[in-house]
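Throughout, protein chains are lettered first and strands after them, A, B, ... in sequence-line order, and every chain is numbered starting at 1.
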Amino acid sequence: MAKAYHHQKIEQKWTEYWEKHPVNVDDGKKEKYYCLDMFPYPSGNGLHVGHWRGYVISDVWSRYKLMNGYYLIHPMGWDAFGLPAENYAIKNKIHPAVSTAENVKNIKRQINQIAAIYDWDREVNTTDPDFYKWTQWIFVQMFKKGLAYEKEMPINWCPSCKTGLANEEVVNGKCERCHSEVTKKNLKQWMLKITEYGDRLLDDLDRLDWPEKVKRMQTEWIGRSYGAEVEFPIDGRDEKITVYTTRPDTLYGATFMVLAPEHALAKSLATDETREAVEKYITDAANKSNVDRLQNKEKTGVFTGTYAINPMNQKKIPIWLSDYVLADYGTGAIMCVPAHDDRDFEFATQFNIPIIQVIAKDGKEIGHMTEAYTEASGTMINSGDWNGMESAVLKAEAPHIVEKMGIGRAKKNFKLRDWVFSRQRYWGEPIPIIHCPDCGNVAVPEEELPLTLPEVESYQPTGTGESPLAAIDSWVNCKCPQCGKDAKRETNTMPQWAGSSWYFLRYVDNKNDKELVSREKADKYLPVDMYIGGVEHAVLHLLYSRFYTKFLYDIGAIGFDEPFTKLFNQGMVTGKNGVKMSKSMGNVISPDDLVEKYGCDSLRLYELFVGPPELDSEWDDRGIEGVYRFLAKFWNLAQENMDRFIEPTEELTRLRHQLIHAITTRLNTFSLNTVVSGFMEFNNKLGELSRKGGIDKETVETFVVLLAPFAPHIAEELWQDLGHETSVFAEKWPEADEEAMAEDTKEIAVQVNGKLRATIRIKADATKEEAIAQGRDAVKDKLSGNIIKEIYVPGKIVNIVCK
RNA sequence: GCUGGCGUGGCGGAAUUGGCAGACGCACGGGACUUAAAAUCCCGUGAUGGUAACAUCGUACGGGUUCGACCCCCGUCGCCAGCACCA
């Protein structure tokens with residue numbers, strides 16, 4: 001009786017073996033390969049099968065690279081600052097550090113069930129003072145370079161989380177985390193000047209092997225545009241209003257101007273007649289919530305009573321206020337060309353403002369326009385000297401023309417805003433700044449870092465815009481490091497993104513107490529070759545990390561300026577009907593029971609088999625039975641043949657090489673679901689051959705080697721049973737031999753008039769004439785009329801066209 | 001509204017990118033083994049007609065290009081994602 005497949009026994013055995021005999025060792029000669037998972041937040045809920053998927057994908061890829069001769073950097077750590085731990089602390093009066101440590105322990109246990117080859121010596125935790133010392137150090141360097149600055153301004157405020165938010169954290173006017181409606185609050189904030197890196201963040205996307213979708217999202221988020229700033233004199237005053245436009249070619253068509261209600265000149269433009277209405281409009285606009293502004297796009301506005309002069313034709317144009325103009329983009333003021341801009345058209349129609357067409361549409365002046373003509377193509381009309389020019393050409397030249405005229409300049413703009421970096425919460429890195437009445441803002445001296453988070457009695461956020469740290473007098477009051485006078489500490493903390501913006505650097509040198517990473521190790525092991533995680537971070541974490549990396553490159557801390565060479569976004573695993581797994585929906589599937597029942601190897605395979613790795617997949621527990629049966633079948637097949645292997649036949653050798661080829665190409669294109677189906681298909685074929693005449697040892701061995709990255713335990717056990725004393729992971733990934741793969745004959749389809757009528761087996765080297773002759777013969781009773789054409793696509797098809 | 005992606009059996013999904021549609025798995029049906037069940041193994045399984053060989057239809061819908069279209073082009077519908085007054 002052959003040995004039976006006991007997954008628990010085997011998996012335990014090899015877990016212990018790998019513990020003692022690690023398979024991934026740095027011999028100093030191998031090339032490195034850095035495969036990184038987005039590190040998890042240690043949630044109290046533990047992992048569900050969706051989290052597993054990403055980790056399985058990265059481990060399969062890592063083990064594949066290992067078998068291709070690389071030394072792997074494949075680390076894991078904890079993104080452990082953040083609100084859930086803090087909210088838990090508020091509710092249960094347990095220090096976040098305590099609950100976090102418990103959660104880490106549990107999730108680490110779960111992650112170990114995956115049997116991924118993580119190098120736990122490299123583990124990092126963003127809440128560890130030895131780690132956040134460097135998070136603070138980076139902030140200090142940014143402060144010294146003027147990239148971290150303090151500013152009071154209306155920022156996005158989540159009334160439920162009671163903290164300010166970055167632009168990136170506001171989704172459809174709601175808090176990214178808790179989905180409460182975001183309001184505006186005027187707060188003094190630390191900001192990071194990410195806009196200074198706008199061009200590089202955009203241009204360098206070209207160099208990255210990332211999904212186009214993510215690149216597109218970042219491109220749109222950064223939102224670079226080219227145009228001109230043009231100055232419009234105010235009628236009867238010495239002042240000018242500067243506007244930004246991407247369509248300076250339409251300058252002659254500007255029939256009015258609109259300022260954001262928050263514009264510095266807004267109030268002063270009112271006349272005695274309009275003052276009351278203007279002031280009311282400004283107040284109303286200030287009270288409008290983000291969601292209001294987003295959902296209600298009907299144009300509102302108020303005429304200031306004042307006019308500007310169109311600098312091209314000296315015509316007087318009315319100045320209006322409207323909240324469709326954003327205060328914090330461009331100059332907060334726009335020139336309006338209703339004939340060629342949808343929004344201006346809507347506004348002009350509503351308020352009866354003249355519309356002047358300046359680009360001919362289809363060579364014509366339309367007269368009464370019913371909609372704006374927004375294309376920059378056509379001949380200029382009603383435009384003085386510019387008449388007759390092509391608008392597309394003029395669009396590019398106009399910025400230089402206005403510059404020469406002394407009324408403006410070429411200008412580029414970004415949608416990207418500086419990063420609001422202060423959080424009014426407890427569980428984050430304290431911002432290492434001291435406010436001195438004489439010296440102003442002074443950085444905490446580097447030798448005093450880390451500035452540790454003090455114990456606090458109440459974690460409750462105050463809601464006033466101050467962090468709970470502000471209540472600790474003994475901590476707040478300090479001496480200025482520069483002049484020694486009484487001073488106060490900054491009490492805001494950093495956002496959760498701070499630690500995750502650079503953690504991947506620390507893994508390669510996590511015990512260094514002199515530098516955040518040594519240049520030697522950074523040069524040797526970085527950057528990350530493959531980064532695997534969900535798409536939800538497309539513009540948050542991934543943009544911030546790129547910014548941090550570029551900054552650290554600029555100050556010479558590291559020698560590369562893009563952190564992640566290749567990115568893979570795995571799809572979500574959902575419950576029935578595509579519903580996201582969540583505690584409240586009650587549809588969370590824990591991997592623990594499945595590992596117990598079917599084993600780690602089966603769950604690993606099923607995580608891949610459930611669907612294409614880049615797409616969302618619905619979890620169905622029943623499907624795991626299928627992969628379990630496959631493993632058990634393969635196991636039995638191997639065991640039964642152990643003492644009766646036959647010599648390799650030509651067919652077996654061919655199949656073996658075809659398998660190598662199929663698995664390798666599918667693996668290289670990340671088609672991991674079809675890798676698994678490929679294994680199953682081949683296993684079925686082997687079963688058949690085994691019943692018919694037997695199978696050879698080499699084929700089974702190759703199968704085991706190929707299966708190893710996917711189902712490592714069963715592969716090791718079978719490898720040992722096949723008589724090997726070293727780990728299967730010491731094996732080199734096999735190569736397919738083209739010649740051995742080739743078949744002497746091939747089955748091809750024969751069509752008549754494009755319809756399948758027969759299949760024939762032809763010699764692989766058959767000539768066109770031979771193939772067609774054979775094909776014609778096979779369908780001779782299905783031909784009617786005269787043959788007018790005969791087509792042969794080598795190795796694929798014969799098609800006979802008759803009429 | 002704009003941009004991008006997708007639409008294939010009862011279900012999850014394959015199809016070497018223009019060449020035999022539905023691989024593989026689930027589910028279902030039949031059979032073998034068993035006192036019986038479970039497990040396991042074998043066979044079948046897009047629809048319609050036919051005892052059958054076979055024929056016709058079939059990749060959201062309507063058209064087109066081609067010897068040949070799930071794949072390319074034009075139009076329509078539906079779903080998903082991102083952005084959302086950025087001038």
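Spacing of C1' atoms, B/G5 relative to B/U16, comes out at 23 Å, to the nearest Å.
In this structure A/Asp284 satisfies the salt bridge (Lys or Arg N to Asp or Glu O under 4.0 Å) test together with A/Lys280, sequence neighbours excluded. For A/Arg622, the salt bridge (Lys or Arg N to Asp or Glu O under 4.0 Å) criterion is met by A/Asp620, not counting sequence neighbours. Annotation: salt bridge (Lys or Arg N to Asp or Glu O under 4.0 Å) contacts of A/Asp342 (sequence neighbours excluded): none. Under the salt bridge (Lys or Arg N to Asp or Glu O under 4.0 Å) criterion, A/Asp199 pairs with A/Arg224, A/Lys412, sequence neighbours left out. A/Asp737 pairs by the side chain to side chain contact (heavy atoms under 4.5 Å, CB included) definition with A/His657, A/Glu739, A/Ala740, not counting sequence neighbours. Remark: A/Trp619 pairs with A/Tyr606 by the ring pair (Phe, Tyr, Trp, His ring centres under 6.0 Å) rule, at least two apart or across chains.
Using a 4.0 Å heavy-atom cutoff across all strands shown, A/Thr674 reaches sugar-phosphate atoms only and no base atom.
Judged by distance alone, the side chain of A/Thr331 and the main-chain N or O of A/Thr242 form a donor-acceptor pair under 3.5 Å.
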Legend entry - Contact letters for nucleotides 24-32 of chain B, in which S counts primed atoms plus P, OP1 and OP2 and B counts the base, heavy atoms under 4.0 Å: BSS------
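Base orientation of B/G58: anti (glycosidic angle beyond 90° from 0). Syn is the glycosidic conformation of B/U17, whose angle stays within 90° of 0.
Dashed line: the shortest gap from a side-chain N or O of A/Tyr329 to OP1 or OP2 of B/A87 is under 4.0 Å. Contact check, A/Arg691 against B/C42: a side-chain N or O comes under 4.0 Å of OP1 or OP2.
Using cut-offs of 30° and 60° for the angle between ring planes, the A/Phe679 and A/Phe703 rings count as tilted.
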Show each protein N/O and nucleotides 67-70 of chain B N/O combination with a separation under 3.5 Å, one pair to a line.
residue : atom : partner  : partner atom : Å
B/C67   : OP1  : A/Lys789 : NZ           : 3.4
B/C67   : O2'  : A/Asn799 : ND2          : 3.3
B/C67   : O2   : A/Asn799 : ND2          : 2.3

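Atoms CZ (A/Phe630) and P (B/G12) sit 23 Å apart, rounded to a whole Å.
For B/C20, the base has no donor-acceptor partner in the side chain of A/Lys796 [N/O atoms by modelled type, under 3.5 angstrom].
Among residue pairs with one or both ends in residues 242-252 of chain A, those qualifying as salt bridge (Lys or Arg N to Asp or Glu O under 4.0 Å) are A/Arg247-A/Asp249; sequence neighbours excluded. Identified under the salt bridge (Lys or Arg N to Asp or Glu O under 4.0 Å) test for residues 749-761 of chain A, with sequence neighbours left out: none.
Out of B/C20, B/C85, B/A87, the shortest distance to the side chain of A/Thr245 is found at B/A87. When distances are taken from the side chain of A/Glu747 to each of B/C83, B/C20, B/A87, the shortest belongs to B/C20.
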Legend entry - Secondary-structure string, 5' to 3', Watson-Crick or G-U under 3.5 Å, | for another-strand partners, for RNA chain B: (((((((..(((......[....))).(((((.......))))).((((....))))..(((((..]....))))))))))))....
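No side-chain donor from either of A/Gln218 and A/Trp210 sits under 3.5 Å from a side-chain acceptor of the other.
Contact check of residues 332-341 of chain A against RNA chain B (heavy atom, cut-off under 4.0 Å) returns A/Ile334.
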